[in-house]
There are 2 protein chains.
Amino acid sequence: MKRKRREVKNGEKNTFTISELAKEFEISTRTIRYYEELGLLSPQRSAGNQRIFTRKDRARLKLILRGKRLGFSLSEIKEMIEMYDVAGESEQIKLTLKYGEKKLREIEEKIKELEMLKEDLLAIKEILIERLRELEGSNP
Amino acid sequence: MKRKRREVKNGEKNTFTISELAKEFEISTRTIRYYEELGLLSPQRSAGNQRIFTRKDRARLKLILRGKRLGFSLSEIKEMIEMYDVAGESEQIKLTLKYGEKKLREIEEKIKELEMLKEDLLAIKEILIERLRELEGSNP
DNA sequence: TAAAAAGATTACGTTTACGTTAACGTTATA
DNA sequence: TATAACGTTAACGTAAACGTAATCTTTTTA
């Protein structure tokens, strides 16, 4: 019988190994280690020096991968993630707010561009469907 | 007086040099040549072998750059662009349609993910504004 | 408890998307 | 018409984001 590796409270898994996350998100363990190398993740370590990922780490990884799919670089993603931990003086917070607003504008822009691209593809689709109708019509 | 290099009909420029496009889109000429190398662009050539870009080439370049900003790879962008020129048998057109629909779903997905990211950033923003209010309130 | 599986670190390799430089041909303009 | 400005190809270089392999340590499991 397969034994659960770590503590599980009422059916909710609370920690994960590197390969569990790798499998879940369909990425390599190397990729996860690389993200840690860049400071995007900071999992705790077990007594034997193995990485232990919490649910929070997992959520972060999810965010990282989302950022990637959306065309942000890992350093941009790092900056965005760091917004979660800003603490300290008012000046720092103001700067972070400015940055966040800039990113929000970028996101709006990307949404608009995606919608334009979508329109383009829909137009092509119509043309292709029409072309197909002609072909199939004359050659049933 | 600066003379226009090529024919201009009623104020509408119809052809462009590589550096004109590079300047307009704030990219390098190398980048444009690279896109041609990959088959994403196919400008005509002048008698002296210099590239001549039409408005159509320019529109393509715009599409390429949009794709890039949205996180598509150059080979994905190439596939999408090639949808414009599909001709021939019904089978080929059907395949292209399938591909187009896949891409459309991807685009929808990206839009959703951008909305989620946007929500995340808005939430962080609220937290930061609150934190700032506390700080400034106690230290006017 | 010993073998197998999983994890860690290190380091070199690879792909994508260009940057940079050289060496030479073409065009524009003073 | 000379010469600056621009364009061409070729080739080597580079940063980002991992892939891969080797070697060793830790965990799991038969």
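In what follows, every chain begins at residue 1, and chains take the letters A, B, ... in the order their sequences are listed.
- The nearest whole Å value for the distance from the CD atom in A:E26 to the P atom in D:dC18 is 15 Å.
- Of the residues in residues 28-44 of chain A, A:S28, A:R30, A:T31, A:Y34, A:Y35 come within less than 4.0 Å of DNA chain D through at least one heavy atom, sorted by number.
- At whole-Å resolution of the value, CG in B:L21 and P in D:dC6 are 15 Å apart.
- An OP1 or OP2 oxygen of D:dG7 is reached within less than 4.0 angstrom by a side-chain nitrogen or oxygen of B:S19.
- A cation-pi arrangement is not found for B:K23 relative to B:F16, the charged atom failing to lie both closer than 6.0 Å to the ring centre and inside a 45° cone about the ring normal.
- Taking for each of B:A47 and B:L74 the nucleotide of DNA chain C with the nearest heavy atom, the 5'-most of the two is the partner of B:L74.
- A straight line from CD1 of B:I52 to P of D:dT8 spans 10 Å, rounded to a whole angstrom.
- Here side chain to side chain donor-acceptor pair (under 3.5 Å) pairs that include residues 114-124 of chain A, with residues two or more places apart or in two chains, are A:K118-B:E108.
- In this structure, A:E106 pairs ionically with A:K103, as a charged nitrogen and a carboxylate oxygen lie closer than 4.0 Å.
- Rounded to an integer number of Å, the gap from CZ of B:R45 to C1' of C:dT27 is 16 Å.
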Which atom pairs, one a donor and one an acceptor, fall under 3.5 Å between side chains of residues 122-131 of chain A and the rest of the protein, sequence neighbours left out?
from: A:E130; atom 1: OE1; to: A:R133; atom 2: NE; distance (Å): 3.4
from: A:E130; atom 1: OE1; to: A:R133; atom 2: NH2; distance (Å): 3.4
from: A:R131; atom 1: NH1; to: B:V86; atom 2: O; distance (Å): 2.4

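- Partners of B:E82 under the side-chain hydrogen bond (donor to acceptor under 3.5 Å, both in side chains) rule, at least two apart in sequence or in another chain, do not exist in this structure.
- The number of heavy-atom neighbours closer than 6.0 Å to NZ of B:K62, taken from other residues, nucleotides and ligands shown, is 12 or below.
- The minimum heavy-atom distance linking B:L21 with B:R58 is given by the pair CD2-CD, 3.6 Å.
- Distance A:E20 CD to D:dT27 P: 15 Å, rounded to the nearest Å.
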As a quick check of understanding, evaluate side-chain contact (heavy atoms from CB on, under 4.5 Å) for B:R69 and A:E109, giving each step before the final call.
CA-CA 10 Å; B:R69 281 191 299 273; A:E109 186 55 32; over 6 Å; no
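- Near DNA chain D, meaning a heavy atom under 4.0 Å from it, residues 53-70 of chain A has A:K68 in order of number.
- Closest-nucleotide positions on DNA chain C for B:S75 and B:N49 were compared, and the one nearer the 5' end corresponds to B:S75.
- One atom, CD of B:Q50, and another, C1' of D:dA5, lie 11 Å apart when rounded to the nearest Å.
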Show me, pair by pair, the donor-acceptor contacts under 3.5 angstrom made by side chains of residues 32-42 of chain B, not counting sequence neighbours?
from: B:R33; atom 1: NH1; to: B:T29; atom 2: OG1; distance (Å): 3.3
from: B:E36; atom 1: OE1; to: B:R51; atom 2: NH1; distance (Å): 2.4
from: B:E36; atom 1: OE2; to: B:R45; atom 2: NH2; distance (Å): 3.3

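- Taking only side-chain nitrogens and oxygens, A:S46 never comes nearer than 4.0 Å to OP1 or OP2 of D:dT26.
- Heavy atoms of B:I27 sit nowhere under 4.0 angstrom from any nucleic acid atom.
- A close approach under 4.0 Å does not occur between any side-chain nitrogen or oxygen of A:R51 and OP1 or OP2 of D:dT27.
- Put simply, CZ on B:F72 is 18 Å from P on C:dT16, counting in whole angstrom units.
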